[in-house]
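One structure below.
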Amino acid sequence: MEGIVAVADHRKQNKGESGYSLLFSAGGRWYIRIVFPLLGIVLGGAFYVWYTQHSSDASPDSPAGYAYAITGTIFLLLAAVLYTLRRRARSKRAVGRLNSSLNLHICFGILGLAFLLMHSFGNFNPRSGTYALYSMIALVVSGVVGRFLDRLVPRLIAGEVHKALTAQGDDRIENISQKLQAIVVHNSQHLQGFVPVAGARPHKAPTSLVPLSGPNSHDFPFAYKDQSMHTPWDLAYISLEATPQELSREAGPYRFIPDKKSELARPGALMPGTQEHIAELREVERAMQREQFYRYILRYWRKFHVALALLTLGLTLWHLIYAAQLLLPTFIH
Amino acid sequence: MSSGIPIQNKLDTVDSADIVIVGNGIAGQTAAIEARRLAPDKSIVMITEQSHPTINTPALKQFAIGKLTREQLLAFPAGTERAQRIHIINGRVEEIHAQGNYVCLTGGRGFGYKSLLIATGSVPTGLPASLPGRDFDGVLTLHCLHDYLDLRRRLSEVDEAVVIGGGPHAIETVMCLLYWGIDVHWLIRSETFLPRMLDRPASDMVIERVQRAGARVYTETEAIGIVGRVGAVAGVVTNQHQLLPCQLVLVCTGTTPVTTLAKRCDLPIQHKHGILVDNQLRTSARNVYAAGDVAALQDPQTGTYAPRAQWYAAVLQGRIAAAAMTGSAQQEESFGVPWHATRLGELSMLTVGNPLQWLDSATILTDSSRGSYRRISVIDDRLVGYLALGPTQPDGLAIKRLIDEGLSIRDIKKDLLRGEFDVRKYFSRQRTYAAQRMVITGKLPPPAQVQPVPAGRSLRETGPLAAPGTKSVYPLARTAVNTDPTLNVPIHLRYTPSNTGDRWEAIQPARPLNAVAAYTQPPVSTGTLQNSESIPSESEALFFEGGISPGQETNRPPAALRVVESTLVPLPPDTPRSPSGSLWSYSTRLPALRAKRRDGQFITSHPGHTVKQILARSPVASAKEPERPARTYPSSSLWSYTDRHAAVKKGH
Amino acid sequence: MLRTGLKRGANVAVMLHKTLPQVAQELHACIGCNECLVACPAVNEHVTIDVLNRETLSGPISTPVARFARSCFQCGACVAPCPVGLHRDAMMMWLKVRLLRSGWRE
């Protein structure tokens with residue numbers, strides 16, 4: 001599956017791209033989200049400057065203020081609605097259309113914010129409008145931060161995934177546990193005093209291998225018949241000192257409850273080499289937990305952005321109603 | 001005969017080749033490309049009647065409604081055949097002379113081969129030959145690119161159409177027409193939609209959705225004649241005595257494999273509903289392989305041979321055929337159970353295994369919530385069948401893996417029923433705990449005292465599609481019969497999740513055939529089951545747990561690891577606890593549970609459990625569950641994962 | 001229209017990456033219907049599904065595919081429309097890891 005096969009091709013072999021830094025150019029129609037808003041801001045700003053110089057009434061409820069408010073709100077509504085509709089539409093047409101929609105969304109969002117800032121004409125009194133403006137600023141800032149997160153966090157996730165996979169792309173935990181098993185096998189052969197039953201070989205189809213728990217088996221591994229010794233077997237004829245076997249019996253496996261601070265209390269202490277592997281296992285687990293955390297960031301930042309949008313919508317509506325209550329009487333007269 | 005389009009006009013490659021592939025579908029093309037990757041020096045030739053390169057056939061419905069262009073239909077980048085030095089010959093193979101290792105093309109021209117792959121695909125069943133009016137203009141049988149090009153041109157001129165057929169192809173066509181705003185009459189011959197894969201509630205759900213989308217669905221209705229006016233179709237007469245006016249009749253009545261070549265071979269190639277092949281895709285003639293729609297594989301669960309007319313199956317078969325033909329012993333992938341994932345209208349459907357079988361022996365759990373329907377068949381905590389219908393598609397390939405490898409699904413039943421299952425998280429967690437437990441206990445995790453429960457039982461004893469001659473008195477004997485080892489092996493070895501048997505999923509599929517010899521057990525004729533089982537000791541555990549050396553794997557015995565930890569079976573009342581020899585545990589695990597036994601049949605719990613009943617039981621059973629090392633270790637833990645283990649297991 | 005959209009995106013669990021064998025299996029099961037590419041808000045040039053699948057598996061990565069791989073922000077919008085239930089975001093993550101590793105190697 002993996003592995004590049006050298007195709008004997010007459011054409012020059014393409015080496016392909018490599019590297020994944022944060023400063024990559026995503027391509028596409030970037031001018032939609034950068035140039036058009038700038039143009040819009042410049043035009044709107046020019047009008048703002050001209051208006052403040054040629055008119056006495058530079059306030060949010062002047063004609064220019066209304067113009068800014070209406071265009072700004074239209075832009076924001078377009079930003080919200082077009083992208084959502086395009087995303088949910090069943091009949092999406094071509095590859096890349098949604099990305100253009102996203103660029104437009106950004107463009108309209110920035111323009112809307114700019115125009116509504118100009119609509120305020122510098123009045124930041126604590127009124128309903130100001131709260132709506134704050135919410136809108138938070139919304140746009142959350143969008144910008146979200147774009148930054150979208151660039152940074154997948155790169156971090158890729159780093160964590162890299163730690164969780166081997167060079168061939170397989171599961172690293174499996175790799176480590178195989179190594180651990182080899183160590184455990186090696187060590188437990190030592191500890192268990194494996195005694196083979198005569199005639200039983202593990203390679204055959206299963207035969208009854210009853211675990212021997214002591215010298216109760218019927219088959220003595222050694223046959224004494226032909227090798228009987230006719231001398232007495234009392235060791236005292238030789239010496240009263242303990243035999244090496246008796247000495248090592250005392251030193252054999254013993255029961256104890258390790259105290260918590262001792263090195264022996266760590267799992268796998270009697271098996272050399274497990275600690276590094278356990279540490280690696282922990283590292284991989286931590287990498288996967290971090291990856292999950294990053295993914296949640298991406299998921300929930302979007303929800304946060306949508307929540308702010310709803311908040312902005314609510315505050316804007318409140319502002320419109322409030323302002324209408326104040327201004328309708330003046331219009332009627 | 002039509003002259004070929006050989007890419008390179010070398011005389012020595014025109015008359016024979018190392019690898020000859022008949023058919024240009026995805027199975028044949030995948031086999032060609034994979035063979036080129038595995039054997040860069042062999043000559044590969046594809047003989048096809050199709051005039052265009054391989055296309056993504058499932059994407060044709062998108063093409064019909066205009067969402068894709070023709071260029072986007074290509075399955076491989078343009079020029080792949082030339083880059084991979086695969087020669088294409090446009091022609092038809094008339095006969096196979098397997099004795100002489102050559103095929104006969106039309107015109108008497110011969111072409112020699114070392115290995116031959118038959119990937120001729122299938123033909124549409126179409127309308128019965130006796131149906132009056134089937135050759136009016138406007139009656140289309142949809143199968144290949146040509147038909148869909150025709151359909152695409154006609155869509156704008158048509159107001160009303162009739163679709164005939166009761167399978168996924170028919171519903172896709174209906175949705176295409178609805179997308180274009182055409183009035184659709186859909187005729188289904190049987191009572192339900194897709195009767196072999198969907199049960200009644202699922203079928204009703206699908207039909208209701210389609211009706212809501214605007215189509216008119218007629219079940220138990222067949223077309224008995226097509227009426228035309230001056231040569232073009234004007235309506236359809238049904239067996240319910242209706243005349244449905246239309247300008248287009250689309251026939252989607254299924255496909256049959258093209259086995260003509262099997263009949264025209266001098267060595268007998270067994271075929272019945274498709275060319276019979278083994279796990280290496282070999283037919284009964286030597287050096288002749290078959291792959292794709294035309295190949296009939298054995299279903300590991302039922303034992304019958306049936307073709308698998310799905311895209312993924314064809315791709316997999318192409319790759320395995322290539323490995324077999326080039327002689328590379330790549331046995332990483334095996335076919336496993338049938339698997340089908342597609343979109344039916346606005347719903348996504350997934351069937352894995354045979355979800356409508358084993359009504360007597362399996363526990364069927366269903367869940368209909370949030371506008372979706374899921375039905376799982378469980379035997380002893382192993383998944384054997386899965387059907388999901390809903391707006392989102394669950395992770396189908398992961399579920400296929402669960403069934404293929406017979407993994408215990410005790411912890412994830414709820415997730416499976418809900419359709420959310422993160423395979424990576426689940427398996428990595430299992431492996432981590434297994435590794436940690438292994439290190440903590442200082443030994444490999446064999447089952448100490450086990451009550452053996454024979455596995456491999458009853459999968460064939462019940463069910464309408466049981467293979468003949470597979471009955472047996474003692475369920476154990478099952479394993480000796482004609483079975484697919486990829487299923488038998490996991491059954492024996494994978495009951496406990498604690499077992500590092502979870503690692504087997506990488507190893508198991510690697511050696512399906514060699515395992516047969518090692519794993520078949522002779523039928524047991526002793527009275528009780530206990531005596532017939534081998535109780536594995538530590539020593540045997542050392543060998544069968546695998547991972548020691550790759551070479552040893554094939555000789556390993558299946559050793560009866562038979563721990564059953566089923567939440568459906570109550571714990572026996574007197575379970576002794578003895579101090580263990582291990583340094584860090586305070587007691588051994590509980591001995592395994594034995595399922596009730598009566599007359600050689602095993603009783604599982606009542607079939608047809610609902611989700612509620614299962615959930616009500618599980619907290620109780622899990623409290624007695626032996627696999628809880630967190631409880632046996634001191635909680636001010638040396639090992640932080642055990643606490644979280646307990647928390648996670650409870651929470652999930 | 002809005003209703004189906006809400007239902008479709010509702011409560012999709014956050015899923016981790018997949019290993020290469022899993023990604024390869026999913027790539028073989030891909031039917032090339034293009035639904036994932038159409039639903040992706042990050043792709044901005046004409047990338048075809050066959051080229052994408054081929055390069056995700058093995059081989060050199062061409063520039064448009066590499067750009068696409070870097071700009072993918074793992075939103076998961078490609079998973080819901082897939083008729084076969086494959087995880088295009090996991091496949092893109094594998095492409096990212098390959099790019100990352102090849103960048104370090106050099």
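As a basis for the values below, the full set of heavy atoms in this structure was taken, side chains included, without hydrogen atoms, waters or symmetry mates. Throughout, a chain's letter reflects where its sequence line sits, starting with A, and its residues are numbered from 1. The structure presented is a predicted model; accordingly, all values stated were derived computationally and were not measured.
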Candidate pair A:Glu160 and A:Lys163, rule salt bridge (charged side-chain N to carboxylate O under 4.0 Å, His left out), full reasoning: CA-CA 5 Å; A:Glu160 304 299 330; A:Lys163 283 186 216 154; 3.6 Å; yes
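- Residues meeting the side-chain hydrogen bond (donor to acceptor under 3.5 Å, both in side chains) test with A:His305, sequence neighbours left out: A:Ser142.
- Of the listed residues C:Leu37, C:Val65, C:Thr63, the one with more heavy-atom pairs under 4.5 angstrom with chain A than any other is C:Thr63.
- Partners of A:Val42 under the side chain to side chain contact (heavy atoms under 4.5 Å, CB included) rule, at least two apart in sequence or in another chain, do not exist in this structure.
- Here the closest heavy-atom approach between residue C:Val38 and residue A:Ala94 is recorded as CG2-C, 4.2 Å.
- Of all the heavy atoms in C:Ala29 and C:Val84, the pair that sits closest is O-CG1, 4.1 Å.
- No other option in A:Ala164, A:Gly159, A:Pro154 has as many heavy-atom pairs under 4.5 Å with chain C as A:Pro154.
- Only the side chain of A:Leu298 comes within less than 4.5 Å of a heavy atom in chain C; its backbone stays farther off.
- Using a 4.5 Å cut-off between non-hydrogen atoms, the part of residues 100-115 of chain A that approaches chain C consists of A:Leu102.
- Contacts between A:Arg172 and chain C at a heavy-atom distance below 4.5 Å are absent for every atom of the residue.
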Can you give each donor-acceptor pair under 3.5 Å made by side-chain atoms of residues 66-82 of chain C, sequence neighbours left out, with the distance rounded to 0.1 Å?
residue, atom, partner, partner atom, Å
C:Arg67, NE, C:Glu45, OE2, 3.1
C:Arg67, NH2, C:Glu45, OE1, 3.2
C:Arg70, NE, A:Gly19, O, 3.1
C:Arg70, NH2, A:Glu17, OE1, 3.0
C:Arg70, NH2, A:Gly19, O, 3.1
C:Ser71, OG, C:Arg67, O, 2.5
C:Gln74, OE1, A:Arg295, NH1, 2.9
C:Gln74, OE1, A:Arg295, NH2, 3.3
C:Gln74, NE2, C:Asp89, O, 3.1

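- Closest non-hydrogen pair, A:Leu139 versus A:Ala309, comes out as CD1-N, 3.4 Å.
- Nearest approach of A:Tyr294 to A:Ile157, heavy atoms of both residues: CB-CG1, 3.5 Å.
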